[in-house]
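Shown next, in structure tokens, is the structure this report addresses.
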Amino acid sequence: MSVSGSSSKVRLMAMFVLLFALFSSQSSAAQVPLLMWSSEGLPPLASPAAGHITSNDQLTAYLTSAFGSGPNTVLLFLQDKLSKEDFTLFGGVFGNKQDSAFQNLEAALQASPSSVSLPALEWSDSSVMLALLQEKLDVSPVLVDADTLSHLSINTSASNLLLINLPYCTGLEKSCKEVLHENDGIIGEVLSIMKDKGVRFTAMYTGLQPSRVIPERSMSQQAVGRSLLQAVGPTVKEPIMFNETGNPCIMLWAHSLNISLTGEWIDLATQTPSLDGSICNGSNSLLVLTYASGYILRFAMSQRLYKVSARNWFTLDSVQLQLKNLTASYIGRRNIYAPAEYSFHCQSVTSFRDTLLVPSSNNNKNTTQWKLNFFDFQIQGFGLANGTNFSYASDCAGFFTAGIWMGLITSLLMLWIFVYGMHMIMQLNTMDRFDDPKGPSISVPQTE
């Protein structure tokens, strides 16, 4: 816990959080950070020893002295998840302030007469902070955003609790740094509106729950004596296999089969599908995955002989996603292929970023926002000679990538220039006769 009485101390806040994370003791109790600043100033707060976790009772006592008995306007920026590690990872604490995701927040702390930062506030329930402020201010919270706040009339003669909800990253659409940078922009916009209105306020930034929890194992839970150093690996789930004649003819495995219809991602790999409707023969294979939730995935594959390579190749012609009477098709034959006796593997198969599955131009307009994102994907529809095991995998990431080819060509070009230069230098001949000033001058006849 640290207090900055002047703007110069506030600049060390991010570095203090980093040092605190490194030297504080790891506790099994969940913690969230809390940043608090005011346009008028806050009462001083003594800094405890490193590793101290601020309890809810200590926070209650400090808020009582901070708010006093008069009316207060409090801005509560409540993020879905927040931990002190978010500041150390994305706060530009090593001097690279331009790369910080909290530029508006740092500017607000520097401009404030005083501020309080609690890197480790005891967390037990997501509603504790909001309930505590409601009790201290004796007012219900008003959920606002930047647009509604600009048109809101604030009565400064009474206490106000303005709640601004901020999201946290989910890891699919945007990175954590991008989400935190957008949240920082919302904070800057809200503070600018309050400044234009001329309203004195106290702002608080914290999280509904911690984004990272490091559990601490007690000594009673730890094994005593000698034990094997090699940990037991996690159980690997079985691939999806379709059997038609007693032997598998289609196999599919994926760590996740994520689909998105309206922005929310659903992992179908966690559900057990029915394979009714699947077929396979020597030239075509169709794997139909029907889920109890109503979703249907179809993987259509075919194989044929290519005379140039003198071998059979199979292609994943299309992937269809169906929900009720709506169907979206994605073409994969141009990007997803392998020798017929091999399987195909790719770490990421998506329809929206580095697309291997291209949305069909014939899709209904109601399905244009549907997305597929398969992670650690492997499929084989022909030549399953290994029983229940995949054949050798042809990976989508080739050995010679574009970067490797660029490096090789550039190196060969520079090597050729060097060899040509050395060859030209070796062809230079020095003079073997020189003019002697004591003897007769050299006569060089000139002929037509």
Would you please say whether a donor-acceptor pair under 3.5 Å links the side chains of T60 and D57? no
Examine K81 relative to Y168 and say whether NZ or CZ is less than 6.0 Å from the centre of the six-membered ring and inside a 45° cone about the ring axis. no
Checking side chain to side chain donor-acceptor pair (under 3.5 Å) between N364 and each of T367, T368, N366, N362, which is the one that passes? N366
With no hydrogens and no angle check, do the side chains of D267 and S256 hold a donor and an acceptor under 3.5 Å apart? no
Could you tell me if the ring centre of F375 sits under 6.0 Å from that of W265? no
Could you give me the CA-CA distance, side-chain angles and deciding distance for W370 and Y295, then say whether ring-ring contact (aromatic ring centres under 6.0 Å, His included) is met? CA-CA 12 Å; W370 291 13; Y295 298 101; 8.1 Å; no
Side-chain donor/acceptor of S159 to backbone N/O of N72, under 3.5 Å: yes
Using the six-membered ring wherever Trp is involved, compare the ring planes of Y342 and Y392 and label them parallel, tilted or perpendicular (cut-offs 30° and 60°). perpendicular
Less than 4.5 Å apart, any side-chain heavy atom of K84 and any of Q31? yes
Heavy atoms, side chains only, cut-off 4.5 Å: are F67 and T202 in contact? yes
Parallel, tilted or perpendicular: which describes the rings of Y205 and F87, with under 30° parallel and over 60° perpendicular? perpendicular
S274 side chain to T290 side chain, donor-acceptor N/O pair below 3.5 angstrom: no
With Q79 as reference, evaluate D86, T206, N183 under the side chain to side chain donor-acceptor pair (under 3.5 Å) test and give the passing residue. N183
Minimum heavy-atom distance between L161 and L130, given as atom pair plus value: CD2-CD1, 4.2 Å
Is there a side-chain contact between V144 and V190 in this structure, where contact means two heavy atoms from C-beta onward sitting under 4.5 Å apart? no
